**Student:** 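My questions will all concern the structure given below.
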Amino acid sequence: NRSSDLAGIDGMGPNGTDGNQPRFNNILFNFVHELGIWEKQSSFYFQAKSCQNLLRGNIFFNGPRAGINFNDGFGGGSNLTENVLFNTCRESGDHGPFNSWDRQVFVTKVADGKTASPIKLYDDISKNFMIANYNSQEGIDNDDGSCYYETHNNFFAYSGNGMKNDFDGHDNHHHDNVYAYVGHGFGICGQLEGHEDYFYDNYVVMTGDGDYGRGTCSGPGMTVVHDNKIFTPNAKVTECGTSLADWQAKGNDKGTTAAKWPEDEEIISAAKKALGIM
């Protein structure tokens with residue numbers, strides 16, 4: 001295997017410890033639309049074997065696939081903030097305004113600045129305004145093993161799930177977000193103990209009654225869920241196969257509340273608070 005032959009050489013194969021990769025790039029205040037006329041697997045921004053980048057203040061709309069796509073978990077430490085994305089996934093299913101993959105292990109020193117490790121630094125997604133219309137499946141699609149994402153203080157509208165994590169993804173945290181008119185707050189895979197996903201302090205307006213999240217309900221690796229505000233047409237919220245009230249009576253999901261749909265003005269106020277523009 002040629003990749004394993006090169007693993008011990010700095011900067012070759014999966015070894016990114018020499019730092020000779022695209023890093024600290026600034027993608028700022030761009031206005032982009034009508035992308036993917038010929039190439040459908042395309043995005044406004046795509047990164048691979050790159051890390052510690054800043055995407056800020058960009059506006060993107062009208063594309064065939066995800067608006068922003070992270071190909072892998074190389075290094076981490078990128079910051080996605082204050083962007084506006086809508087009208088994505090117009091010619092494909094799955095995905096959402098943001099999509100990530102993580103199918104290949106890489107070794108860098110990014111996490112602590114000195115230790116060679118496959119563990120990446122958290123990527124941060126905050127203060128973005130994303131409308132997951134057309135065929136978007138999620139607001140944030142952490143696909144194929146994606147891990148170590150801190151997603152907070154965003155406004156997401158529509159989609160099947162606000163948060164998604166699958167195929168052994170882990171250590172993804174969603175908190176202080178507003179999800180307006182989604183099917184469910186989250187739909188995620190199971191995790192190992194110590195690498196659980198977190199979903200807390202979120203404001204979730206669902207399109208129907210029922211489960212507000214689908215995660216791990218018992219045992220090691222149980223999804224960490226608490227202090228969410230859930231709104232449905234009839235305030236009938238379930239979790240892990242039972243009513244929210246019965247689930248909480250067993251000591252789970254402390255602080256989460258259920259209520260009927262709020263007025264639009266309340267959702268807008270919650271969004272402004274999350275985005276820090278009050």
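From a predicted model like this one, the values you see are computed outputs, not experimental measurements. The basis for the numbers below is simple: all heavy atoms, side chains too, and nothing from hydrogens, waters or symmetry mates.
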**Student:** Hey, what do you get for CG (Asn177) to NE2 (His152), rounding to the nearest 0.5 Å?
**Tutor:** 8.5 Å
**Student:** So which atom in Leu80 and which in Met130 form the shortest heavy-atom distance, rounded to 0.1 Å?
**Tutor:** CD2-CE, 4.3 Å
**Student:** Do Asn128 and Val84 have side chains that approach each other closer than 4.5 Å (heavy atoms only, starting at C-beta)?
**Tutor:**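 A side-chain contact under 4.5 Å is absent here.
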**Student:** What do you reckon, is CZ of Phe167 surrounded by more than 12 foreign heavy atoms closer than 6.0 Å?
**Tutor:** no
**Student:** Under 3.5 Å, is there a donor-acceptor pair linking the side chains of Glu150 and His174?
**Tutor:**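 No, no side-chain donor-acceptor contact under 3.5 Å.
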**Student:** Ignoring hydrogens, what is the shortest heavy-atom contact between Ser50 and Asn25? Give both atom names and the distance.
**Tutor:**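 Between these two residues, the closest heavy atoms are OG-ND2, 3.9 Å.
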**Student:** Does Tyr198 belong to the same Ile/Leu/Val/Met/Phe/Trp/Tyr cluster as Ile188, with side-chain heavy atoms less than 4.5 Å apart forming each link?
**Tutor:** no
**Student:** Would you check if Met206 and Val204 make a side-chain contact, meaning some heavy-atom pair closer than 4.5 Å?
**Tutor:**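 Yes, close enough: below the 4.5 Å cut-off.
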**Student:** Which heavy atom in Ile230 sits nearest to a heavy atom in Val237, and how many Å separate them?
**Tutor:** CG2-CG2, 3.7 Å
**Student:** Determine whether the side chains of Asn79 and Asn53 contain a donor N or O and an acceptor N or O closer than 3.5 Å.
**Tutor:** no
**Student:** Yes or no on side chain to side chain donor-acceptor pair (under 3.5 Å) for His175 and Asn153, after CA distance, side-chain angles and deciding distance?
**Tutor:** CA-CA 7 Å; His175 60 90; Asn153 296 99; 5.1 Å; no
**Student:** Stepwise, does the side-chain contact (heavy atoms from CB on, under 4.5 Å) test hold for Leu244 with Thr256?
**Tutor:** CA-CA 8 Å; Leu244 175 62; Thr256 291; 4.0 Å; yes
**Student:** Can any side-chain N or O of Ser117 pair as donor or acceptor with the backbone N or O of Ile119 at less than 3.5 Å?
**Tutor:**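 Here the side-chain-to-backbone pair exists.
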**Student:** Please determine, by modelled atom types, if Gln47 and Tyr45 share a side-chain donor-acceptor pair under 3.5 angstrom.
**Tutor:**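 Result is yes, a qualifying pair exists.
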**Student:** Counting neighbours of CG on Asp168 that are heavy atoms of other residues, nucleotides or ligands and sit closer than 6.0 Å, is the number greater than 12?
**Tutor:** no
**Student:** Check whether Asp123 reaches the backbone of Ser78 with its side chain - one donor and one acceptor, N or O, closer than 3.5 Å.
**Tutor:** yes
**Student:** Over 60° means perpendicular and under 30° means parallel, so classify the ring planes of His173 and Tyr122, tilted if in between.
**Tutor:**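 Tilted, since the angle between the ring planes falls between 30° and 60°.
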**Student:** Stepwise, does the side-chain contact (heavy atoms from CB on, under 4.5 Å) test hold for Phe98 with Leu85?
**Tutor:** CA-CA 9 Å; Phe98 175 88; Leu85 289 85; 5.9 Å; no
**Student:** Quick one: does Asn26's side chain have a donor or acceptor within less than 3.5 Å of a partner on Leu28's backbone?
**Tutor:** no
**Student:** Going by ring pair (Phe, Tyr, Trp, His ring centres under 6.0 Å), name the residues that satisfy it together with Phe199, two or more places apart in sequence or in a different chain.
**Tutor:**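 For Phe199 the ring pair (Phe, Tyr, Trp, His ring centres under 6.0 Å) partners, ignoring immediate neighbours, are Tyr179, Phe186.
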**Student:** Got a sec, which pairs hit side chain to side chain donor-acceptor pair (under 3.5 Å) with one end in residues 214-237, sequence neighbours left out?
**Tutor:** His184-Arg214, Asn202-Asn228, Asp209-Thr232, Asp209-Asn234, Tyr212-Asn228
**Student:** Could you verify whether a donor N or O on one side chain and an acceptor N or O on the other, from Asn165 and Asn142, lie under 3.5 Å apart?
**Tutor:** no
**Student:** With a 4.5 Å limit on heavy-atom distance, are the side chains of Val105 and Pro14 in contact?
**Tutor:**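 The answer is no; the side chains never approach within 4.5 Å.
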**Student:** For residues Thr88 and Ser136, report the shortest heavy-atom separation together with the two atoms involved.
**Tutor:** OG1-OG, 3.4 Å
**Student:** Donor-acceptor pairs under 3.5 angstrom involving side-chain atoms of residues 264-278: please list them, not counting sequence neighbours.
**Tutor:**
from	atom 1	to	atom 2	distance (Å)
Glu266	OE2	Glu263	N	3.2

**Student:** Mind checking the CG-CD spacing from Asp141 to Gln137? Nearest 0.5 Å is all I need.
**Tutor:**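 Going from CG on Asp141 over to CD on Gln137, the span is 6.0 Å.
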**Student:** Test side-chain contact (heavy atoms from CB on, under 4.5 Å) on Trp261 and Tyr181 and set out the steps.
**Tutor:** CA-CA 10 Å; Trp261 273 349; Tyr181 301 109; 4.2 Å; yes
**Student:** Under a 3.5 Å distance rule, please check whether Thr81 uses its side chain to pair with a backbone N or O of Lys127 as donor and acceptor.
**Tutor:** no
**Student:** If you take the centroid of each ring, where Trp contributes its six-membered ring, are Phe86 and Phe60 closer together than 6.0 Å?
**Tutor:**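 Not under 6.0 Å, so no.
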**Student:** Only pairs at least two apart or in different chains count here, so list each disulfide (SG to SG under 2.5 Å) that has a residue in residues 97-200.
**Tutor:** none
**Student:** Checking Asp102 now: which residues fulfil salt bridge (Lys or Arg N to Asp or Glu O under 4.0 Å) with it, not counting sequence neighbours?
**Tutor:** none
**Student:** Nearest heavy-atom pair of Ser42 and Pro64: which atoms, and what distance?
**Tutor:**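 Smallest heavy-atom distance, with atoms named: OG-CG, 3.9 Å.
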**Student:** Tell me every residue that passes salt bridge (Lys or Arg N to Asp or Glu O under 4.0 Å) with Asp197, counting only those two or more places apart in sequence or in another chain.
**Tutor:**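 For Asp197, no residue satisfies salt bridge (Lys or Arg N to Asp or Glu O under 4.0 Å) once neighbours in sequence are set aside.
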**Student:** Check the angle between the aromatic planes of Tyr203 and Phe231 and answer parallel, tilted or perpendicular using the 30° and 60° thresholds.
**Tutor:**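 Because their plane-to-plane angle lies in the 30° to 60° range, the rings of Tyr203 and Phe231 count as tilted.
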**Student:** With sequence neighbours left out, which residue pairs that include part of residues 27-36 fulfil the side chain to side chain donor-acceptor pair (under 3.5 Å) condition?
**Tutor:** Asn30-Asn58, Glu34-Asn62
**Student:** For Trp38, what are the other residues in its hydrophobic cluster, where any two members join if their side-chain heavy atoms are less than 4.5 angstrom apart?
**Tutor:**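 Ile37, all in the cluster of Trp38.
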**Student:** Do you know the tightest heavy-atom contact between His95 and Cys89?
**Tutor:**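 Nearest pair, atom of His95 first, then Cys89: CB-SG, 3.6 Å.
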**Student:** Going through the distances and angles, do Phe156 and Val178 end up as a side-chain contact (heavy atoms from CB on, under 4.5 Å)?
**Tutor:** CA-CA 6 Å; Phe156 303 112; Val178 174; over 6 Å; no
**Student:** Report yes or no: does Ser43 contribute a side-chain atom to a donor-acceptor pair with the main-chain N or O of Phe46 at less than 3.5 Å?
**Tutor:**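 Side chain of Ser43 to backbone of Phe46, a donor-acceptor pair under 3.5 Å: no, none is there.
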**Student:** Going from CG on Asp72 to OG on Ser146, what distance comes out if it is rounded to the nearest 0.5 angstrom?
**Tutor:** 9.5 Å
**Student:** Between Gln248 and Lys254, is there a donor-acceptor pair closer than 3.5 Å when you use the side chain of the first and the backbone of the second?
**Tutor:** no
**Student:** Could you work out, with salt bridge (Lys or Arg N to Asp or Glu O under 4.0 Å) as the rule, every residue matching Lys40, not counting sequence neighbours?
**Tutor:**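 For Lys40, the residues satisfying salt bridge (Lys or Arg N to Asp or Glu O under 4.0 Å) (neighbours in sequence not counted) are Glu91.
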**Student:** Should Ile59 and Phe29 count as side-chain neighbours, where that means a heavy-atom distance under 4.5 Å?
**Tutor:**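 Counting from C-beta outward, Ile59 and Phe29 never come under 4.5 Å.
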**Student:** Please name all residues satisfying salt bridge (Lys or Arg N to Asp or Glu O under 4.0 Å) with Glu82, sequence neighbours left out, ordered by chain then number.
**Tutor:** Arg56
**Student:** Under the rule for disulfide bond (SG atoms under 2.5 Å apart), what residues qualify as partners of Cys240, not counting sequence neighbours?
**Tutor:** Cys217
**Student:** Taking only residues two or more places apart in sequence or in another chain, which ones pass ring pair (Phe, Tyr, Trp, His ring centres under 6.0 Å) with Tyr158?
**Tutor:** none
**Student:** Would you say Asp166 and Asp144 make side-chain contact, with heavy atoms under 4.5 Å?
**Tutor:** yes
**Student:** Check for me, please, whether Phe129 and Phe61 land in the same ILVMFWY cluster - side-chain distances under 4.5 Å, paths through other members count.
**Tutor:** yes
**Student:** Checking side chain to side chain contact (heavy atoms under 4.5 Å, CB included) against Tyr149, which of Ile140, Asn172, Asp124 comes through?
**Tutor:**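 The passing option is Asn172.
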**Student:** Would Lys164 and Asp143 count as a salt bridge (charged side-chain N to carboxylate O under 4.0 Å, His left out) if you check the C-alpha gap in whole Å, the side-chain angles of each, and the deciding distance to 0.1 Å?
**Tutor:** CA-CA 7 Å; Lys164 173 196 170 185; Asp143 204 355; 3.7 Å; yes
**Student:** Taking atom types as modelled, find out whether Asp171 and His195 have a side-chain donor-acceptor pair closer than 3.5 angstrom.
**Tutor:**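 There is such a pair (donor and acceptor under 3.5 Å, judged by atom type) between the side chains of Asp171 and His195.
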**Student:** Is the backbone of Met163 close enough, under 3.5 Å, to the side chain of Asn161 for a donor and an acceptor to pair up by distance?
**Tutor:** no
**Student:** Strictly distance-based, threshold 3.5 Å: is any side-chain N or O of Glu239 a donor or acceptor partner for the main-chain N or O of Trp247?
**Tutor:**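 No; zero donor-acceptor contacts below 3.5 Å.
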